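Report on the following structure.
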Amino acid sequence: MKSAIYLGKENVQIQELPIPELGDHDVLVKNIYSSICGTDIAVYQHGPNTGHRITVGEEFGHETVSRVVAVGDKVTEFSVGERVYPYPLFATGDTKRAGTIGGFSEYIKIPDAKRNHSLYGVDDSISDKTACLIEPFTVGCRAARRGQPQKNENFVVFGCGTIGLASAIALKYFGAGKVMICDITDFRLKIAKELGFETCNTSTSHFTEKTIDYFGTAHSLKGLVADIDGFIDAGGAKEILDLFMDEGKIESRFVSVAVNKAARELDLLHLTYSQKSIIGSGGYMPEDVADVMKIMKSGKWDIEKLITHEFSLSEINKALQTAGNTNAALNVIINFD
């Protein structure tokens, strides 16, 4: 089989590997489409240890939709031809490889495969391209859930990548009221607007004025601010947490889903008296997979709009370079056909 092997900064090569042999309880899947994650871009642009635990000289990729092509002699839960979503945390039998299951290889072996654990069936109503976004959508769905959205509450999402847009869509699915998406890239914000969201380019618009105009006002310890119940940080810029501390209303929540290693100082007394919350959100749970499947089956949002470029596996380096250009690309996928 052909496999993209990570060899370090700006160095990925297509190599021939043997197709994995199956044990009695194993399943072999062939990838249909795989999506490029922001952490894949990070290790490509900056080298090892800047994203997921991607090992030099090994396979990588984890956002994929696949089809069962072979099953072990004792497998009864899956049949050849079935379309599936490999759940990265358990797909390879090694939770440390959640970011490197072989999404950029033609085939993946799923050892001791279990339904709704390492493999999930994908409903026929969900297109192949939409289905390859299940994994990043579960991350965004988790962030929205961690924001504890109540019916008709208002949210602002920072970061107009796949996870930010997935968070915004999940917030609406959970019953949130007004949702605004902020970014500094008009190319991506245009797609958010086409999906029905209010947008704000924070590099050209005044955040406070725009949010007060859209959400109305509420009280903070420092005076009137925009009536925003939750801030979702899918961007990771330092200014986002600062904005929440300065302009978050009383009892507002901040959810951090962006990969951000920077150490920060916090005014805990301010958090105490304002009763504001800072919440972490990493990864996903089975309940997020279930909700994402429902979101995708609903057809309420044209999720394929997020996909702006498609490449073959042989063009993986060009695909990674394209995905890193936020001014001209949003979600980039690999087509294995």
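Owing to the predicted nature of the structure, the values given are computational and were not obtained by experimental measurement. The first residue of the sequence shown is numbered 1, and numbering continues consecutively from there.
- No side-chain heavy atom of Met296 sits under 4.5 Å from any side-chain heavy atom of Val122.
- Relative orientation of the Phe158 and Phe207 rings is tilted, given thresholds of 30° and 60° on the angle between their planes.
- Taken together through direct or relayed side-chain contacts under 4.5 Å among Ile, Leu, Val, Met, Phe, Trp and Tyr, Ile333 and Leu165 form part of one hydrophobic cluster.
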Is there a salt bridge (charged side-chain N to carboxylate O under 4.0 Å, His left out) between Arg83 and Asp123 once you walk through the steps?
-> CA-CA 8 Å; Arg83 204 167 45 133; Asp123 191 88; over 6 Å; no

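- Here CG of Asn31 is found 11.0 Å from CG of Asn335. Values are rounded to the nearest 0.5 Å.
- When every heavy atom of Arg188 is checked against every heavy atom of Ala323, the shortest pair comes out as NH2-O, 4.2 Å.
- Proximity of a side-chain donor or acceptor of Asp288 to a complementary backbone N or O of Met285 within less than 3.5 Å is detected.
- With hydrogens and angles ignored, the 3.5 Å screen pairs no side-chain donor or acceptor of Tyr273 with any backbone N or O of Leu269.
- The backbone N or O of Gly23 lies less than 3.5 Å from a partner atom in the side chain of Asp26, making a donor-acceptor pair.
- Put simply, NZ on Lys172 and CD1 on Ile295 are 12.5 Å apart, with the number rounded to the nearest 0.5 Å.
- Counting heavy atoms from C-beta outward, Asp229 and Arg253 have side chains that approach closer than 4.5 Å.
- For Lys9 and Tyr44, the positive end is not near the middle of the six-membered ring at less than 6.0 Å and at most 45° from its axis.
- The aromatic rings of Tyr284 and Tyr87 lie perpendicular to each other, with more than 60° between the two planes, well past the 30° mark.
- No side-chain heavy atom of Glu135 sits under 4.5 Å from any side-chain heavy atom of Ser35.
- Remark: side-chain polar atoms of Asn154 are paired, donor with acceptor, to backbone N or O of Lys178 under 3.5 angstrom.
- Clustering ILVMFWY residues whenever any of their side-chain heavy atoms sit less than 4.5 angstrom apart, transitively, puts Tyr214 in the very cluster that holds Phe231.
- Between the side chains of Lys276 and His270, at least one donor-acceptor pair of N or O atoms lies under 3.5 Å.
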